[in-house]
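Below: the structure, in structure tokens.
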Amino acid sequence: MTGPTITGFLLGSLSWGALPFVRAWREPNISEIIGAGAGSIVVIGAVVTIALITWLQAWEYLWTQWFTSLDHKKIGIMYIVIALVMLSRALIEAVLIRSQQAAAINGPGFVEPGHFAQLFSTHGSIMIFFMAMPFLTGMVNYVVPLQIGARDMAFPYLNSVGLWLTAGGSGLMMASLVVGEFSTGGWSGYPPYTELNFSGGPGPDYWIWAITLASIGSTTAGINIACTIYKFRAPGMTFLRMPLFCWTAVCTAILMIFAMPPLTVATALLAADRYLGTHFFTDDLGGNMMNYVNLFWLFGHPEVYIVVLPSFGVYSEVVSAFSSKELYGYKSLVIATMAIGVLSFTVWLHHFFTMGQSADINAVFGIATMAIAIPTGVKIYDWIFTMFRGEVRFTPPMVLSLAFMVTFVLGGFTGVILATPPLNYMVHNTLFVVAHFHNMLIPGTLYGLLAGYMYWFPKAFGFRLNERLGWISAGCWITGFYLAFFPLYVLGASGMARRTHEVFDPAFRPWLYVALFGAFVLFTALVTLFVQLFVSIRDRHANMVAVGDPWDARGLEWSVAAPPPEWNFAVIPQVESRDAFYWRKRNREAYKPVDHYQDIELPKPSACGVIVGLSAAACGFGLVWRIWWLVALFGAVVVATVIIRSFLRDVTRTIPAAEVEAFDRRWLAQAHYAKPVSRQREMSRRNEGLAEWTA
């Protein structure tokens, strides 16, 4: 064999030119330097993280206690860590997009067109698949078993596999910064832009395999969440006694199960076009691009509600807790949640009203799109009536919830505009559409996820977050949102197209500058969020809430220690009514030792999920660069791991009753000696996690 042949076998299509550092050296322009800088941040961040863990001698701890853990709480936290890391990248890219457009008024700006196209493709892909999805999955993972009185998810091992598939997909997204380039076909990956004849580089392949791993992981998460809620509810926890967050979780799970497979099929067929020479979505030889569009949006519009519904559940929990009232209109909220889930599958065609279908079809989908606003409106009214005459406390989670209600209603008005086919035709593919879906998704999804993060953080870690910094962060998120996106309505209505690299109308300049300033305010919000976390960890001993109920909340998750033990409950609770923990406090049944402690069986840690997820990512990297030995090797590792795991029988371990009793009695002693704190002082250092109960 000759040298080039061996190199081709070992490295496939990979070459020195794939490295952004080499490209920046060869063509030292601002765009390439930015790309090299982004790649450097990834490399340096990885090296520093590895060095820090090694210096702290924490590898064994992380491997045994976290990476291989099947505890739903730790898996949920790791999902959220992935989401926050990816949020940081996506927000930086958003600032670059706005900076380029503000700088490119009658000029080329500083980012080349191809690089700009990669920025909006990665920004959208990350925010949906690697920020919103992991964040909501992590929150559901952590909270739902505690709310329904379960010890873990229905399938702990599958839970780990889903996490590490998501981590693998995230790894491929980050690898595209260091090796090669990303897709320029947008977050939706439309053919023909992503077909081989139009985009022959590795970019679309990175997108295909990263999204495929994430979609498979989300499908497994949906199955797991649904089965957990259907089968593992505590005795007496009927469906109409479940917290609203559980209802939104089960509806989300159903959407995941039925909406993610069309996406997986679409990416698989697109991969077949690129790798096998098929013509599913080409514009010749029998292909039909509209088949891809239909498959994608069969996933894409339910996906909007996959990411929004859990936040609706968070708002229900937060508004009730910080209004000191029972949730108003519980059954109507349940019905509205399920109605949204059903209707979400009937509106996908409004994403391509301009594609040429008949007026009758457009009218049907326009009416269905308008109809989905009705159950959403029911929710808004129920939350308002929950606050009415309540003892409302304006905490950061509550402020984010209130900001959501106002902003979401405004976004809903523009949604009705876009649901009208003639009006949609006028503003389709303009910044008006960008403003609308950010108007819905940022307050609808991100505010809710951040509110849930702040609300349940004391439960997860046993200490409260710094409230002052929480206020600053919430204020920056809200202010930055209005500044960054409301100008886009004006720009879109004035005719500025989406994904515009250069701007030729000087009248757009002031609006673009305002949007750029808003992007920087949003970035400040993110920085403040991390500063809040750092300061809170530093001051954690002054803000401990070990008893576990700092907000006088109502669900079962607040009835255990903070952080909860691995087994969640010393004894599976008997549920007597809705708002189970509130009922126990009212009837003086909270914080009492059980009569008899028993051994508890839990799943053993397993490395199989880590191996499957990271091997699948390595296989995906091999497919991107046509390194076939890498594909074969790690594809075989995935298959072998799944088969070997199926033969293992010793997969559980037993927690002795004595250990359970010792932990439970220590916690009950803390609750006995803690001083109850009033709602007015719940943010003071007197709050030890024992809220003062009032009727």
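Counting non-hydrogen atoms of neighbouring residues, nucleotides and ligands closer than 6.0 angstrom, the CD1 atom of I53 exceeds 12 such neighbours. By the neighbour-count criterion of 12 heavy atoms within 6.0 Å, atom CZ of F534 is sparsely surrounded, having that number or fewer from other residues, nucleotides or ligands. Dense packing is recorded around CZ of F461, with more than 12 heavy atoms of other residues, nucleotides or ligands lying under 6.0 Å away.
Once rounded to the nearest 0.5 Å, the distance linking CD of E27 with CD1 of I33 reads 11.5 Å. To the nearest 0.5 Å, atoms NZ (K604) and CG (L648) are separated by 9.5 Å.
For Y142, there are no ring pair (Phe, Tyr, Trp, His ring centres under 6.0 Å) partners at least two apart in sequence or on another chain. S99 meets the side-chain hydrogen bond (donor to acceptor under 3.5 Å, both in side chains) test with no other residue; sequence neighbours excluded. Residues meeting the side-chain hydrogen bond (donor to acceptor under 3.5 Å, both in side chains) test with W629, sequence neighbours left out: none. Considering only residues two or more places apart in sequence or on other chains, P156 meets the side-chain contact (heavy atoms from CB on, under 4.5 Å) condition with L70, D152, P603. The side-chain hydrogen bond (donor to acceptor under 3.5 Å, both in side chains) check on T264 picks up S215, with sequence neighbours excluded. Every side-chain contact (heavy atoms from CB on, under 4.5 Å) that Y190 has, sequence neighbours left out, goes to S188, Y193, Y292, V293, W297.
When all heavy atoms of W187 and G124 are compared, the closest pair comes out as CB-C, 3.6 Å. The minimum heavy-atom distance between T228 and A154, with the atom names listed, is OG1-N, 2.8 Å. In terms of heavy atoms, A167 sits closest to I82 at CB-CD1, 3.8 Å. Residues T282 and E195 approach most closely at N-OE2, 3.6 Å, considering heavy atoms. Scanning all heavy atoms of the two residues, the minimum distance from T68 to A607 falls at CG2-CA, 3.9 Å. Of all non-hydrogen atoms in P134 and Y79, the two that sit nearest each other are O-CB, 3.4 Å.
Taking the six-membered ring where tryptophan is involved, the planes of F116 and F120 are perpendicular, since the angle between them exceeds 60° and thus also 30°. Taking the six-membered ring where tryptophan is involved, the planes of H438 and F485 are essentially parallel, since the angle between them stays under 30° and well short of 60°.
Aromatic ring centres of Y453 and Y447 lie farther apart than the 6.0 Å criterion allows.
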Donor-acceptor pairs under 3.5 Å, side chain of residues 173-186 to any protein atom, not counting sequence neighbours: which ones?
{"from": "S176", "atom 1": "OG", "to": "M173", "atom 2": "O", "distance (Å)": "2.6"}
{"from": "S183", "atom 1": "OG", "to": "G185", "atom 2": "N", "distance (Å)": "3.0"}

Can you give the donor-acceptor pairs under 3.5 Å from side chains of residues 634-643 to other protein atoms, not counting sequence neighbours?
{"from": "T641", "atom 1": "OG1", "to": "V637", "atom 2": "O", "distance (Å)": "2.7"}

Throw together a table of side-chain donor-acceptor distances under 3.5 angstrom for residues 15-25, partners on residues two or more places apart or in other chains.
{"from": "R23", "atom 1": "NH1", "to": "G17", "atom 2": "O", "distance (Å)": "3.3"}
{"from": "R23", "atom 1": "NH1", "to": "A18", "atom 2": "O", "distance (Å)": "3.0"}

May I have the list of side-chain donor-acceptor pairs in residues 523-533 shorter than 3.5 Å, sequence neighbours left out?
{"from": "T524", "atom 1": "OG1", "to": "F520", "atom 2": "O", "distance (Å)": "2.9"}
{"from": "T528", "atom 1": "OG1", "to": "T524", "atom 2": "O", "distance (Å)": "2.7"}
{"from": "Q532", "atom 1": "NE2", "to": "N466", "atom 2": "O", "distance (Å)": "3.0"}

Atom pairs and distances, donor-acceptor, side-chain atoms in residues 39-52, under 3.5 Å, two or more places apart:
{"from": "S40", "atom 1": "OG", "to": "A36", "atom 2": "O", "distance (Å)": "2.8"}
{"from": "T49", "atom 1": "OG1", "to": "G45", "atom 2": "O", "distance (Å)": "2.7"}

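Checked options T267, I208, L172; the residue passing with L213 is L172 (criterion: side-chain contact (heavy atoms from CB on, under 4.5 Å)).
Side-chain atoms of H301 do not come within 3.5 Å of backbone N or O of S344 as any donor-acceptor pair. The main-chain N or O of T500 is found under 3.5 Å from a side-chain atom of Q101 such that the two form a donor-acceptor pair. The main-chain N or O of A272 is never found under 3.5 Å from a side-chain atom of R274 such that the two would form a donor-acceptor pair. Looking at Q100, its side chain does come within 3.5 Å of a backbone N or O of F110 through a donor-acceptor pair. Distance alone, capped at 3.5 Å, is enough to place a donor-acceptor pair between the D273 side chain and the F281 backbone. One N or O on the side chain of T220 and one on the backbone of G217 form a donor-acceptor pair closer than 3.5 Å. A distance-only check finds a donor-acceptor pair linking the side chain of K74 to the backbone of Q65 [under 3.5 Å].
The side-chain hydrogen bond (donor to acceptor under 3.5 Å, both in side chains) contacts involving residues 115-129 comprise S31-H115, E93-T122, S125-W207, where partners must be two or more places apart or lie in separate chains.
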Show the numbers, then the answer: is there a ring-ring contact (aromatic ring centres under 6.0 Å, His included) between F67 and W164?
-> CA-CA 9 Å; F67 298 159; W164 288 101; 5.7 Å; yes

